[in-house]
Amino acid sequence: MTLRLYDTATREVRDFVPLEEGRAGVYVCGLTVQSEPHVGHVRSGVNFDVLQRWLRHSGYDVTFIRNVTDIDDKILGKAEALGRPWYAHAATMKRELDAAYAALNVAPPTYEPAATGHVPEMVELIEALIEKGHAYAAEDGSGDVYFDVRSWPAYGELTSQRIDDMEAAEDADPRGKRDPRDFALWKGRKESEPSTASWPSPWGRGRPGWHIECSAMAGKYLGSAFDIHGGGVDLRFPHHENEQAQSRAAGHPFASYWMHNAWITTAGEKMSKSLGNSLTIPSVLQRFRGIELRFYLVASHYRSHVEFSFEALEESAAGFRRVEGFLDRAGEVEPGALPQGFVDAMDDDLGTPAAVAVLYDAVREGNRLLQAGDAAGARERAGAVRAMLGVLGLDPADPAWGASSRAEDKAQAALDMLIRARMDERRAARENRDFALADAIRDELKNAGISVQDGPDRDYQWSLD
RNA sequence: GGUGGGUUGGCCGAGAGGCGAGGCAACGGACUGCAAAUCCGUCUACACGGGUUCAAAUCCCGUACCCACCUCCA
């Protein structure tokens, strides 16, 4: 079976056929760095990271581009409210985003272009569109440039909408537009905006519209035509529709496949609307490890809507700890071969839920072998488990999860020694059949946040709750 | 008004005409001094009403409810 992907444009799962044998060009819309990243933001990062890893595993030479929008209305607005320069605020939020991706083991893209670094490319693209009669400078002297949707008959093809059925943007200032649905390619500078937020152009100083950024950057790094374009479902319209219209109107074939990840909501609403900041990545990471959050995100299909809850995250984490427990018990092994069921699941539009089911099958089988005393058999299963986890970016042994710092190592060693002393006492108590004392010791450790497990022999294991 | 998606067992969450996905929880058993961990077993579900079919959670028609997008959101 070959890799099959759901293409939003054709609304069907179809074989992935790259433009060039053995290579895959992928462009994913990254974030607008305007606020702290929350769980919803990183879902896209994790989902497309899985795509990237699976393509690589499947033998493709992948060029993965994920942009950063570092100039837009929200950034300007928030920076002003904070009394900081917009670029400083954007840079701060970019670092937060990087930290969030790192905490979730989202591999860095091949390149991560920023919008502000590609204004000349955008201007060039806009000029080409004007020349071909698909864009025009506003006649009201605003310095805006708009894309002429009526000039492009295919407009609406990505989301199967007809221009006449669309609601016109109400807030958009209709002045200077030929059709209310025309969208801005270039925004003339407004007096109220900082001068640092504008660049020279043939139409006067201004800044690029949101959609043109991605067309220009995808074209620059992936070429006129490339394989996969991804992003969140909300971007289908207008962002992706507009991107495709611009690029194709300018003569570029653009993306062959469109992939969109579904939303993750809380209490039935978008995270961006939910109050408070309990769902920002740093705050979630105070309660769960990055690997647990990533497992939770990977265990559901990227096209399925997920209703986030800490209860569900806890259940998912409990399951993942069982996987880790097996690996701990099986001993160190190198990643082995992937079970065919896993490969088939992943090839079927990145069927991570089915892939995770195969993972659990291997864990259960491995535990069973371990219990039966078949250490070699168990290690083989452990090798498969590690291989599967590796593809999903969930291998606990991956140094990306943070090789513990030196200080942590020392603390760990110190704790280990203290616990060993208490466990020696506990074993002595058990041998004397003083179970009250034995239980008291275990309870004492439990109260300190340390869970211990022991059997009839000398062996025991401990872990922090 | 237009476009797209959804409703699955106590909970989470796959599947998309016929073989009990999987996880979490619970309960029973094995193992343990007792626990924990692990394994075995139990819990046979697909919003509602029709229809097609030898066979429907899956296809068709209808109904109800939910969600997303159609202005800046992953």
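Keep in mind it's a predicted model, so treat the numbers as computed, not measured. Any value given below was found using the heavy atoms of this structure, including those in side chains, with hydrogens, waters and symmetry copies removed. Labels below follow one simple rule: chain letters A, B, ... track the order of the sequence lines, proteins then strands, and each chain is numbered from 1.
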At under 4.0 Å between heavy atoms, what does [X] touch on the DNA or RNA strands: base, sugar-phosphate, or nothing?
X: A:H260; value: nothing
X: A:L359; value: nothing
X: A:P37; value: nothing
X: A:S451; value: nothing
X: A:G231; value: sugar-phosphate

Would you mind telling me which of [options] lies closest to the side-chain atoms of [X]?
X: A:T32; options: B:rC24, B:rA74, B:rC72; value: B:rA74
X: A:P353; options: B:rA21, B:rC72, B:rG2; value: B:rA21
X: A:H301; options: B:rA14, B:rG22, B:rA74; value: B:rA14
X: A:A312; options: B:rC73, B:rC12, B:rG33; value: B:rC12

Between [N] and [M], how many Å separate the two [atom1] atoms, rounded to a whole number?
N: B:rC48; M: B:rU7; atom1: C1'; answer: 11 Å
N: B:rG41; M: B:rC31; atom1: C1'; answer: 15 Å
N: B:rC65; M: B:rG29; atom1: P; answer: 48 Å
N: B:rG18; M: B:rA57; atom1: P; answer: 10 Å
N: B:rG49; M: B:rA30; atom1: C1'; answer: 48 Å
N: B:rG2; M: B:rC11; atom1: C1'; answer: 37 Å
N: B:rG17; M: B:rG51; atom1: C1'; answer: 15 Å
N: B:rA14; M: B:rA21; atom1: P; answer: 14 Å

Please check the phosphate of B:rC69 (OP1 and OP2 only) for any side-chain N or O of A:T159 closer than 4.0 Å.
no

Can you see whether A:Y101 has A:R66 sitting over its ring - NZ or CZ less than 6.0 Å from the centre and within 45° of the normal?
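Yes, cation above the ring, under 6.0 Å and within 45°.
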
Assign each of A:D361 and A:R303 the nucleotide of RNA chain B bearing its closest heavy atom; nearer the 5' end lies the nucleotide of A:R303

The answer to which of A:G319 and A:A299 contacts RNA chain B further toward the 5' end, by nearest nucleotide, is A:A299

Between [X] and [Y], ring centroids under 6.0 Å:
X: A:Y6; Y: A:H301; answer: no
X: A:H240; Y: A:H260; answer: yes
X: A:W152; Y: A:H134; answer: yes
X: A:F147; Y: A:Y136; answer: no
X: A:Y146; Y: A:F183; answer: no
X: A:F254; Y: A:H229; answer: yes

Rounding to a whole Å, what distance do you find between [X]:[atom1] and [N]:[atom2]?
X: A:R11; N: B:rA68; atom1: CZ; atom2: P; result: 20 Å
X: A:D7; N: B:rG5; atom1: CG; atom2: P; result: 13 Å
X: A:H240; N: B:rC73; atom1: NE2; atom2: C1'; result: 12 Å
X: A:N261; N: B:rC69; atom1: CG; atom2: P; result: 13 Å
X: A:D348; N: B:rG15; atom1: CG; atom2: P; result: 8 Å
X: A:R236; N: B:rC67; atom1: CZ; atom2: C1'; result: 12 Å
X: A:L279; N: B:rC73; atom1: CG; atom2: C1'; result: 16 Å
X: A:E315; N: B:rC12; atom1: CD; atom2: P; result: 8 Å

Would you call the rings of A:W210 and A:H239 parallel, tilted or perpendicular if under 30° counts as parallel and over 60° as perpendicular?
-> parallel

Which nucleotide, in any strand shown, forms a Watson-Crick or G-U wobble pair with [N], with both distances under 3.5 Å?
N: B:rC72; result: none
N: B:rG22; result: B:rC12
N: B:rG28; result: B:rC40
N: B:rC59; result: B:rG51

Sub-3.5 Å pairs of nitrogen or oxygen atoms, protein against nucleotides 41-46 of chain B:
none

message = Is there aromatic stacking of A:Y360 on B:rG23 here, judged by a ring-centre distance under 5.5 Å and a plane angle under 30°?
response =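 The ring of A:Y360 is not stacked on B:rG23.
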
Worksheet item: Does a side-chain N-to-carboxylate-O contact under 4.0 Å join A:K446 and A:D443?
Response: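 Looking at A:K446 and A:D443, the cut-off is not met.
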
### Heavy-atom neighbours of A:E332 CD exceed 12 at 6.0 Å
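Not buried by this count: 12 neighbours or fewer within 6.0 Å.
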
Checklist entry - Is the CD atom of A:E365 crowded by more than 12 outside heavy atoms at less than 6.0 Å? => result yes

Going 5' to 3' through nucleotides 34-40 of chain B and flagging B where a protein heavy-atom sits under 4.0 Å of the base, S where only the sugar-phosphate is that close, and - otherwise, we get BBBSBSS

Check your understanding: Who passes side chain to side chain donor-acceptor pair (under 3.5 Å) against A:S309, sequence neighbours left out?
Key ->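 Per chain and number, A:S309 pairs via side chain to side chain donor-acceptor pair (under 3.5 Å) with no residue.
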
